[in-house]
Amino acid sequence: MVIEMAHEIRNPLTVIKGYLQLQEKKSACCMGESLGIIFQELHQIEVLVTSIISLANNNAVNKKPENLNQIIEGIYPAVQRVAVKRGIMTELRLADNLPMLDLNAEEIEQMVLNLAQNGIEAMQASGTLCIGTVRKSSKVILYVRDEGHGIPPEQRTEIFAPFFSTKASNAGLGLAISLIIAERHQGKIEVASTVGVGSVFKVLFPIGKQ
């Protein structure tokens, strides 16, 4: 039911966006800042609806052998664009010779973006966000480390709950969806955080048959 409702919201949004794009080309009356705000708000609604669909969709995903480092490298420029707008620096530290993993590349990209966005929003300008991979025993670990305000102990059991957020502009779905994606890949997420220092989110993928 939730997925059907979300699709019913997204479909007319697509139509509205299309007509606005036509209007943008035909007339100057909606040009400029006002039209930019309209498109920005429409995009935010689209992101929210897509997140709700992803959260509610429990269907099995198609996976195939993928190089995790290559997926991260492909999405890294998008992370950099988000970070630079807030004055955040980024680092990429990828381990050599990682084994192939059975992954759905699109979902892994979404998870990396979600975790990166969460870290970026936790930091002030001039902070550094680091994305990396490492192999440890029978697991491959993807980690996202920020230099933000950290997570108070009383909130650490709540951060993966849908719609939980300490930010007024955040719908609180990014971490919930990231956890679901990790679990769909037989993985898990671990969090280490120190208030006033920052946080590290680790996604642990098992090596071998998934």
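Everything quoted here is computed from the prediction, not taken from an experiment.
For the pair Asp146 (side chain) and Thr128 (backbone), a donor-acceptor distance under 3.5 Å is absent. In this structure, Ser193 contributes its side chain and Ile151 its backbone to a donor-acceptor pair below 3.5 Å. With His149 contributing its side chain and Val197 its backbone, the two residues share no donor-acceptor pair below 3.5 Å. Not a single donor-acceptor pair under 3.5 Å links the side chain of Asn69 to the backbone N or O of Leu94.
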* To do: Test side chain to side chain contact (heavy atoms under 4.5 Å, CB included) on Glu91 and Leu129 and set out the steps.
  => CA-CA 6 Å; Glu91 292 182 359; Leu129 181 85; over 6 Å; no

* Go through Leu103 and Lys63 one step at a time and tell me if the side chain to side chain contact (heavy atoms under 4.5 Å, CB included) criterion holds. => CA-CA 5 Å; Leu103 305 173; Lys63 294 180 283 186; 5.6 Å; no

* To do: Start with the C-alpha gap between Ser178 and Ile189, add the side-chain angles, then the distance that decides, and say whether side chain to side chain contact (heavy atoms under 4.5 Å, CB included) holds.
  => CA-CA 9 Å; Ser178 296; Ile189 300 181; 4.2 Å; yes

* Steps toward side chain to side chain contact (heavy atoms under 4.5 Å, CB included) verdict (Leu115, Tyr143) -> CA-CA 9 Å; Leu115 294 175; Tyr143 64 88; over 6 Å; no

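Rounded to the nearest 0.5 Å, atoms CD1 (Ile72) and CD1 (Ile131) are 7.0 Å apart. Here the straight-line distance linking atom OG1 of Thr133 with atom CZ of Phe205 works out to 10.5 Å at 0.5 Å rounding. Taking CG from Leu142 and NE2 from His185, the interatomic distance works out to 11.5 Å, rounded to the nearest 0.5 Å. Distance check: Lys139 NZ to Lys202 NZ gives 13.0 Å after rounding to the nearest 0.5 Å. Of the inter-residue distances, the one linking Lys136 atom NZ with Ile141 atom CD1 reads 6.0 Å to the nearest 0.5 angstrom.
Test Val84, Leu92, Leu113 against Val79 for side-chain contact (heavy atoms from CB on, under 4.5 Å) and you get one pass: Leu113.
Contact record, Gly150 with Ser199: CA-OG, 3.8 Å, taken as the closest heavy-atom pair. The two residues Ile88 and Ser126 have their closest heavy-atom pair at CD1-N, 4.4 Å. Ala105 and Glu66 make their closest contact through CB-OE2, 3.9 Å (heavy atoms, listed as atom of the first residue, atom of the second, distance). The two residues Ile207 and Ser137 come nearest to each other via the heavy atoms CD1-O, 4.0 Å. Closest heavy-atom contact between Leu101 and Pro206: CD2-O, 3.8 Å. Contact between Gly74 and Pro77 at its shortest, heavy atoms only, is O-CD, 3.6 Å.
Dense packing is recorded around CD of Glu73, with more than 12 heavy atoms of other residues, nucleotides or ligands lying under 6.0 Å away.
Note: the hydrophobic cluster containing Leu68 also contains Tyr76 (ILVMFWY, side chain heavy atoms under 4.5 Å, direct or indirect links). Each of Leu204 and Ile71 belongs to its own hydrophobic cluster when Ile, Leu, Val, Met, Phe, Trp and Tyr are linked at side-chain heavy-atom distances under 4.5 angstrom.
Proximity of Met111 to Ile177: side-chain heavy atoms (C-beta onward) are nowhere separated by under 4.5 Å. Leu175 is listed as a side-chain neighbour of Asn118, based on a closest heavy-atom distance under 4.5 Å. For the pair Phe201/Asn114, no side-chain contact is recorded, criterion being any heavy-atom separation below 4.5 Å from C-beta on. Side-chain atoms of Val191 and Ile159, non-hydrogen and from C-beta on, do get closer than 4.5 Å to each other. Residues Pro99 and Val140 are in side-chain contact: their nearest non-hydrogen atoms beyond the backbone lie under 4.5 Å apart. The side-chain heavy atoms of Arg93 and Arg145, taken from C-beta on, include a pair separated by under 4.5 Å.
Inspection of the Gln117 and Glu121 side chains reveals an N or O donor paired with an N or O acceptor under 3.5 Å.
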